[in-house]
Amino acid sequence: MTLVSALGVYQAAGVVGSGEYSPPLGILTLAALIRDRYAVEIVDLDRKWLRSKDKASFHRSAVEVIGAAEPQVLGFSSVSGGYPETIRLIEECSRRLPDATVVMGGPQASVVDVPTLEAFPFIDFILRGEADETFPMLLQGITQGGEVRNIAGLSYRDGHRIVRNANASPTLDLDGLPLAAYDLLPGIEDLKALPLEIGRGCPFACRFCATNDYFRRRFRLKSAKRTFEQMRQLNALYGVAVFDLVHDMLTVDRRKVVEFCELLIDAGSPFQWSCAARTDCVDRDLLHLMKKAGCADIFFGMETGSQRMQHVIDKNLDLNEARLILREADDAGLLTTASLITGYPEETLEDLRETVRFFSDMLPLKGVDPQINILVALPETPLTTQYKDRLFLDEGWTGIAENGCLQDATDQMLIAAHPDIFPNFYAFPCLTGRDYLRRLRDFLFYGMVRCSGVMQVMYRISKDLLAVFDLWEEHYGRGTHAYYESLQYAQDLLRFAESRYPNDESLAVMARFYRAVLRDAESAAPEPPAALDRPIAALAKGVRLVTTQGDVNAVFRALREGVDPDTASVDRSVTVAIRAGSVNRSEILEFPPVTQAILRHAEKRSTIDEIVRDFQEQDIRHGKFTPEQIVAAAIEMLEKLRLLRILPAAAATHTGSSPKSRNRKRREAGSGKHAPAIALAAPTEASSPFHILDSAASR
Ligand code: B12
Ligand code: SF4
C-alpha cells in the first residue's frame, strides 16, 4: 500500500523550489495505524517538489516513485493548492497501475468529494474527514474483498450515482493514537524541527475557515503527559528538540495549557515549541508561562484589522485587546506572527485602511511578524458557499500564486472546467481588485523586509500607509512582484520617502542607515581567502557591520515607545552589527568601541595575532586586563552571541576541526604561540567594554 502526501508547500510565483517544508502528519498517522498489517510506502510530494527543477520533471519522477512498489491500494492526501496536480498524478498512476484501488482523503477531497468523483472516474473512493478509525476498515474491505459500502465518511460511485455515507465521528481519544510513523519518511533524520500533532478541532466558526467544520468544531487536546512523552520519544529517536505543535487553536482550554506548560517547566523546559492561538484566548500570565515552558513562536490569526470586519467574518476579536496581547507577547520575548487577510467581498476601503494600520502598528514590535494574505475561497466554507456564484477567474491568474503551486496549461484547463472542485483558484469579488491588493501587500511586505525603519517613520508621520501607497503608485506606477522583491524597490522607496518628508530628521537617519545597508548588500565582496597557518576571526554567517550617521537605535526605540525621536543624536556616527534574526527580521546591535574594533578586524578576517598586535600597539587596557585578555574575552563573548566565528588554522582544517580540537588549538595558541588564552569570563556589567550597548529590530 502506498500513501502519497498532499502537495502542500507554498510556491512563490515563478520560483520552483522555494517553500516551507513540514512532514505530512495525516498520512504518517494513518501509516502508524496500519503498518502492523500492511507494508506501507510513504511518498512525500512536498519534499520531491522542493527538490525538483521544474514541474515537468517533478511530475515524471513522482509518477515513477508512486508506482514503484506496484501497490494494490494507492492512498492520496489532498490540500487545495496542490489539488489539480494531485488529480493529474492519480490519473497517470491509475493508467500505469490499472488494478490498483485509488482512495483519496484529507481536507480538500473530503469537501469536494461529489464533484471530484463525478469528474474523475479513475478515483474509486473518497474517505472524508478524520480517517483514523475508518481507513483501516476500508483497507480491510478492499484487500479482503469485504463490504465497504457502510463505512462512515465514505463517498463512492454506484453506477452513475455518487453515494455519500454519513460523516464519521471525530476521533475522540487522541492519546490512543500511535505516534505518527515518522520513521517511514526518508531523510527524517535531517530535519532540525518536527511537527507533532497535539490536538484537533476549534470551537469557533470564522466564516472563511476550512478547519473548524472539518474537525467538527470539537476541541480536543492530547493529555500533557502524552504530548510530552511523544516529544521525548522523538528527541530520543532523531535528536530533535524543536517542535511545531500542530493544532489550529491550542489555547481554547487555558487549564490544559497551564498543565502542559507546568509539566514541561518541571522537566526543565527541555524543548522549544511553536503553536497557534487566538489573541482573546491568551493573557499576560499565560504568555509568560508558555515562554518559560519553551514556547518560542505563536501564530495568531488576526484576519482583519477592521473591527467591523471582525464581526462580518465572525472572528470577533477585540483589536485593541489584540494589540496589547501582541505587545505583551513581544515583551515576554516570544516571536509571533500576526496574520491578516484582505480581499473580503464585504471589505470597504476604510476596512482595508484599518488592516494596513494594524500591520503598521506591528512594525515597531521586535518579535512580531505581521503578514497580509489575500483571501482564498476554500471550498465549503460559509464565505465560499455564500459567494459561490460570484467567484471568477482572475485576469492573469494572479490568484494562483496565493494558492501555492504554479500552474501549467493543463492545470488551468482543469481549473477552468471545474469551478466547484477548484474554487480556491477563483477570486472573490472585491472593491479594489486583487492585483491592487497584491501590489499593496508587496509594497508593505518588502518595505518591511528591506527598510522597516523608513516604513515606521512614514507611518508615524502620515498615520496612513495606504494613502502613502497610493501616492507611491502615482510616482512609481504598478510594480510587478519581481520589482518589489528587488533591491531597486528599496532604493526607490528611500528616494520616495526622502522626497516626501524632506524635513524629518528621523527619516533622514533611517534613510542614511538603510542606504548604507543596501550599498553593502550590493557590493558584498567575495570572502577573502583564509590565511592558512593562523586562526582567523571572521564575522559569523549573516552578520554585517554598517557605519552610519545618526543614532539609528535611538530612533527605533522612540518608534517603539511611540514618542518623538531625540534628534540630538542625529549627528553621531555609529557602527552597528546586523544579524539576520528569525524570518523577515534582522537585529541591529551596537557595541562599545573595543568590541567594535574586534568586529572590524573580523570583517576583514584578521588573524588573532594581528588583532592582539593591534590592541598592544594601541595599548588598549581595561582595569587590570591586558590587551591579550581583552581580545580573548571579547572574542569569546562575540562567539557566544553568534556574531563571530574562528576559522581554524590550516593544520586543524586538514585533520578535521571539531569544536573540541578548535578550542584546544586556541588554548595552545594562547599559551604563547599565536593568540591569548581564552580563559577569561566575559565581563557582563555595563562598565565592561564588551556588552551590547543597544539593540533594535529591523528588517
Ligand atoms: C501543517 C499544515 C500545513 C503545512 C504542511 C502540510 C503537510 N505537509 O501536512 C504547510 C505549511 C506546508 C501548509 C501549507 C498550506 N496549507 Co496547510 N495546514 C497545515 C495544518 C495546520 C496541519 C496539517 C496536519 O498535519 N494536520 C494533522 C493531521 C493528522 O490531520 P490531516 O492531515 O487532516 O489528516 C487526517 C485526515 O485529513 C485524513 N487524511 C489525511 N490524508 C489522507 C489520505 C487518505 C488516503 C485518507 C483516506 C485520509 C487522509 O486522515 C488523517 C487522520 O485523521 C492544517 C490544519 C489542520 N489542523 O489540519 C492546515 C491546512 C491543511 N492547510 C490549509 C491550507 C489552505 C494551506 C495552504 C493552501 C495555505 C496557503 N494559502 O498558502 C498551503 C498549501 C499550499 C498548497 N500547495 O496548497 C487548509 C486546507 C484546506 C483545504 N481545503 O485544502 C488547512 C486545513 C488549514 C485551513 N486554513 O483551513 N499547511
Ligand atoms: S480561523 Fe482559527 S479561530 Fe477561526 S475557526 Fe478557524 S481555527 Fe478556529
Side-chain angles (χ1 to χ4, degrees), residues 8-10 19-23 25 79 81 107 193-204 206 208-212 214-215 219 221 227 242-254 257 260-261 271-283 286-291 293-305 310 313 315-317 319 321-342 355 358-359 361-363 365-376 378 402 404 441 445 448 581-585:
V9 281
Y10 182 80
E20 192 182 342
Y21 173 73
S22 177
L25 285 187
V79 288
L194 285 176
L196 173 65
E197 191 184 27
I198 184 167
R200 297 180 189 170
C202 171
F204 293 93
C206 309
F208 59 86
C209 175
T211 46
N212 52 16
Y214 191 74
F215 293 115
F219 176 79
L221 203 59
T227 306
V242 182
F243 296 96
D244 176 17
L245 297 182
V246 171
H247 193 304
D248 287 313
M249 227 313 265
L250 172 68
T251 55
V252 168
D253 187 336
R254 191 182 192 282
V257 182
F260 175 59
C261 289
F271 305 122
Q272 184 182 311
W273 47 280
S274 58
C275 65
R278 284 174 56 114
T279 47
D280 57 354
C281 293
V282 290
D283 51 62
L286 187 64
L287 290 170
H288 282 270
L289 187 74
M290 288 166 76
K291 170 74 185 167
C295 179
D297 211 314
I298 308 181
F299 178 93
F300 287 112
M302 301 308 310
E303 329 304 3
T304 169
Q310 281 290 335
I313 62 171
K315 182 93 187 188
N316 296 316
L317 293 176
L319 291 170
E321 183 187 279
R323 281 180 168 87
L324 290 177
I325 285 292
L326 286 159
R327 195 170 259 267
E328 291 286 6
D330 193 37
D331 290 343
L334 287 157
L335 298 177
T336 55
T337 301
S339 171
L340 295 154
I341 300 177
T342 178
T355 290
F358 195 94
F359 177 96
D361 285 340
M362 294 303 114
L363 292 177
L365 301 183
K366 257 209 258 197
V368 183
D369 200 8
Q371 291 180 354
I372 297 192
N373 302 296
I374 297 173
L375 181 67
V376 173
L378 293 174
E402 307 307 327
R441 183 199 58 186
F445 177 76
M448 166 183 92
S582 56
V583 200
N584 305 327
R585 287 186 200 95

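All of these numbers come straight from a predicted model, not from anything done at the bench. Basis for what follows: all heavy atoms, side chains included, without hydrogens, waters or symmetry-related copies.
For A296, the side-chain contact (heavy atoms from CB on, under 4.5 Å) test picks out Q272, with sequence neighbours left out. Taking R327 as the reference, nothing meets the salt bridge (Lys or Arg N to Asp or Glu O under 4.0 Å) condition, with sequence neighbours excluded. Partners of D253 according to the side chain to side chain donor-acceptor pair (under 3.5 Å) rule, which considers only residues two or more places apart in sequence or in another chain, do not exist here. Evaluation of the side-chain contact (heavy atoms from CB on, under 4.5 Å) rule for C209 yields C206, T211, N212 as partners, not counting sequence neighbours. With sequence neighbours left out, the side chain to side chain donor-acceptor pair (under 3.5 Å) criterion links K291 to no other residue. When the side-chain contact (heavy atoms from CB on, under 4.5 Å) test is applied to D361, the partners found at least two apart in sequence or on another chain are R323, Y459. In this structure V282 satisfies the side-chain contact (heavy atoms from CB on, under 4.5 Å) test together with T251, A277, L286, L287, F300, I325, sequence neighbours excluded. Legend: residues meeting ring-ring contact (aromatic ring centres under 6.0 Å, His included) with F219, ordered by chain and number and at least two apart, are H247. With sequence neighbours left out, F359 forms a ring-ring contact (aromatic ring centres under 6.0 Å, His included) with no residue at all. Remark: E328 engages R284 in a side chain to side chain donor-acceptor pair (under 3.5 Å) (not counting sequence neighbours). Remark: D244 pairs with no residue by the salt bridge (Lys or Arg N to Asp or Glu O under 4.0 Å) rule, at least two apart or across chains.
Within the 4.5 Å cutoff, side-chain heavy atoms of L250 are placed close to those of W273. Annotation: side chain of Y214 is not in contact with side chain of R200 (no heavy-atom distance under 4.5 Å).
Between the side chain of R278 and the backbone N or O of L317 there is no donor-acceptor pair closer than 3.5 Å. Without hydrogens or angle criteria, Q371 side chain to F445 main chain gives no donor-acceptor distance under 3.5 Å.
To the nearest 0.5 Å, the span separating NZ on K315 from OG1 on T279 amounts to 7.5 Å.
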Under 3.5 Å, sequence neighbours excluded: what are the donor-acceptor pairs made by side chains of residues 335-342?
residue : atom : partner : partner atom : Å
S339    : OG   : N373    : ND2          : 3.1
T342    : OG1  : E347    : OE1          : 2.8
T342    : OG1  : E347    : OE2          : 3.4

